[in-house]
Protein chains: 2
Amino acid sequence: MLNDLELAAGDVQGGGKMELRLWLRLLSTTKLISQELRRRLRIEFNVTLPQFDVLAQLHREPDGLRLGDLSQRTMVTNGNITGLVERLETDGLLVRERLREDRRVTVARLTEHGRSEFERMAHAHESWLKELMRDMDPEVLTSLFSHVSEIKHAALTRFAATDELDGALD
Amino acid sequence: MLNDLELAAGDVQGGGKMELRLWLRLLSTTKLISQELRRRLRIEFNVTLPQFDVLAQLHREPDGLRLGDLSQRTMVTNGNITGLVERLETDGLLVRERLREDRRVTVARLTEHGRSEFERMAHAHESWLKELMRDMDPEVLTSLFSHVSEIKHAALTRFAATDELDGALD
DNA sequence: TATTGTTATACTCTATAACTATA
DNA sequence: TATAGTTATAGAGTATAACAATA
């Protein structure tokens with residue numbers, strides 16, 4: 001299952017550019033998979049990947065999330081979360097409500113329809129990924145998860161502004 | 001360096017959803033890093049990530065590439081590669097030329113300016129990534145590369161149409 | 001004054017299909 | 001007829017800044 005061709009071709013160099021090569025491989029892999037998942041989500045459920053992400057975040061929080069928190073967790077700017085959420089509200093998947101205690105704050109939460117729709121999406125999504133990774137050793141998946149988490153952690157501490165460090169748990 | 005908090009919090013389940021969790025982690029990680037790299041590329045070099053990708057592909061091919069091949073390698077549709085390449089031509093980073101033997105074919109290749117600009121970009125890009133991954137064990141990077149390649153290979157064989165399988169070597 | 005969210009704007013990317021010219 | 005590339009179009013994402021309402 002290992003692509004010996006690529007290895008033999010000198011893809012793995014002990015030398016200097018492993019970081020770059022790994023990054024490019026990560027990027028092309030996620031792009032490839034994202035495109036297919038996006039296509040399937042659109043065809044089967046008529047949602048985009050960022051919309052799916054918003055729904056996933058809200059699904060974890062039965063009481064809903066402030067738009068600012070949603071913005072942090074999805075890594076979508078405040079200005080753009082508005083339109084994203086608006087489209088989902090139009091489709092009846094979530095509702096927005098202003099807080100009484102602080103009328104500047106808007107909380108978004110899933111409707112019943114949104115919740116059940118998301119669960120259908122998540123189920124399909126999960127089975128697509130299981131199919132994709134069916135030949136991977138479970139140990140390898142766990143190890144991958146932890147190392148990718150290391151990289152993410154480094155990115156959070158070295159790339160992101162320190163005050164944005166909270167939300168992104170994924 | 002391992003994020004014990006996340007592990008302790010039950011992020012790694014022996015059970016059933018490791019594939020999904022790994023995917024979400026991959027996705028949020030590449031998104032986080034992409035956003036920062038995109039920001040830096042725009043500020044320092046005034047290019048987007050897809051444009052950088054096009055330049056990288058052309059940089060490997062001194063004689064240039066047919067737009068169709070470029071389209072495959074970057075995973076950008078034929079229709080959209082046109083505009084992408086046009087912007088780069090306007091900026092003087094590449095030129096398009098029709099083939100004499102077959103006047104349907106257009107070949108894009110870097111100009112001298114494009115080549116030297118890309119080399120500056122690639123150098124900066126590489127140092128950003130080295131900084132990001134400076135604490136990662138080189139063995140781990142190699143192992144990550146090979147396992148991510150496995151996943152990419154699975155995606156290529158299971159997701160993509162069989163006739164599009166050639167180009168995507170990254 | 002600071003914060004929350006909205007609006008506005010400009011650009012780019014993505015997906016699809018119809019179209020042109022060449023073969 | 002088939003192929004390579006372009007054009008057209010619609011919808012979204014992305015980044016920034018200005019703005020209104022509220023605190």
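Each chain gets a letter, A, B and so on, in the order its sequence line appears, and its residues count up from 1. Computed from a predicted structure; not experimentally measured.
Using a 3.5 Å distance cut-off with no hydrogens or angles, the side chains of A/E126 and A/H123 do not pair a donor with an acceptor.
Dashed line: the shortest gap from a side-chain N or O of A/Q35 to OP1 or OP2 of C/dA15 is under 4.0 Å. The side chain of A/R42 places no N or O atom within less than 4.0 Å of a non-bridging phosphate oxygen (OP1 or OP2) of C/dA15. Note on B/R96: a side-chain N or O is less than 4.0 Å away from OP1 or OP2 of D/dT6. Phosphate contact (OP1/OP2 of C/dT6, side-chain N/O of A/R98, threshold under 4.0 Å): absent. Distances shorter than 4.0 Å separate none of the side-chain N or O atoms of B/S71 from OP1 or OP2 on D/dG5. Under 4.0 angstrom from either OP1 or OP2 of C/dT4 there lies at least one side-chain N or O belonging to A/R66.
Of the two residues near DNA chain C, B/G79 and B/G83, the one whose nearest nucleotide lies more 5' is B/G83. Nearer the 5' end of DNA chain D, as judged by each residue's closest nucleotide, is the contact made by A/L49, out of A/L49 and A/L99.
Between the CD atom of A/E86 and the P atom of D/dG13 there is a distance of 12 Å, given to the nearest Å. The nearest whole Å value for the distance from the CG atom in A/D102 to the P atom in C/dG5 is 8 Å. Taking atom CD of residue A/Q72 and atom C1' of nucleotide C/dT4, one finds them 13 Å apart after rounding to whole Å. Summarising the geometry, the separation between CD1 on B/I81 and C1' on C/dT16 is reported as 16 Å, rounded to the nearest angstrom. What separates CD of B/E97 from C1' of D/dA4 is a distance of 17 Å, to the nearest Å. Between B/N46 atom CG and C/dC11 atom P the separation is 12 Å, expressed in whole Å. Note: CZ (A/R100) to C1' (D/dT22) measures 17 Å, nearest angstrom. Between the P atom of C/dC11 and the CG atom of B/D91 lies a distance of 13 Å, rounded to the nearest Å.
Of the candidate nucleotides D/dT14, C/dA23, D/dA12, D/dA12 has the atom nearest to the side chain of A/R87. Closest approach to the B/R38 side chain among C/dT6, C/dA2, D/dT14 is made by D/dT14 (side chain taken as heavy atoms from C-beta onward). The side chain of A/P50 lies closest to D/dG13, out of D/dG13, D/dT6, C/dC13. When distances run from any side-chain atom of B/T48 to the nucleotides C/dT12, C/dG5, C/dT22, the shortest one goes to C/dT12. For A/R104, the listed nucleotide lying nearest its side chain is D/dA21; candidates were C/dT7, D/dG5, D/dA21.
Under the 3.5 Å distance criterion, the side-chain polar atoms of A/Q57 are left unmatched by any main-chain donor or acceptor of A/T74.
For C/dA15, its base sits under 3.5 Å from the side chain of B/N80 at one donor and acceptor pair at least. Not a single donor-acceptor pair, N or O on each side, falls under 3.5 Å between the base of D/dT22 and the side chain of A/R103.
Note on B/N78: a base of the nucleic acid sits closer than 4.0 angstrom, heavy atoms only. Note on B/T106: only backbone sugar-phosphate atoms sit closer than 4.0 angstrom, heavy atoms only; bases stay farther off. B/T82 comes within contact range of at least one nucleobase, with a heavy-atom separation under 4.0 Å. Backbone-only contact: B/L84 has heavy atoms under 4.0 Å from sugar-phosphate atoms and none from a base.
B/D135 and A/R158 are joined by a salt bridge, as a carboxylate oxygen and a charged side-chain nitrogen come within less than 4.0 angstrom of each other. Between A/R109 and A/E97 there is a salt bridge, with a side-chain nitrogen of the basic residue lying less than 4.0 Å from a carboxylate oxygen of the acidic one.
Linking Ile, Leu, Val, Met, Phe, Trp and Tyr whenever their side-chain heavy atoms come within less than 4.5 Å leaves B/V105 and B/V95 in two separate clusters.
Checked against A/H125 for a ring-ring contact (aromatic ring centres under 6.0 Å, His included), the options A/F52, A/F118, A/F45 give a single hit: A/F52.
Pairing each heavy atom of A/T30 with each of A/L27, the nearest pair is OG1-O, 3.1 Å.
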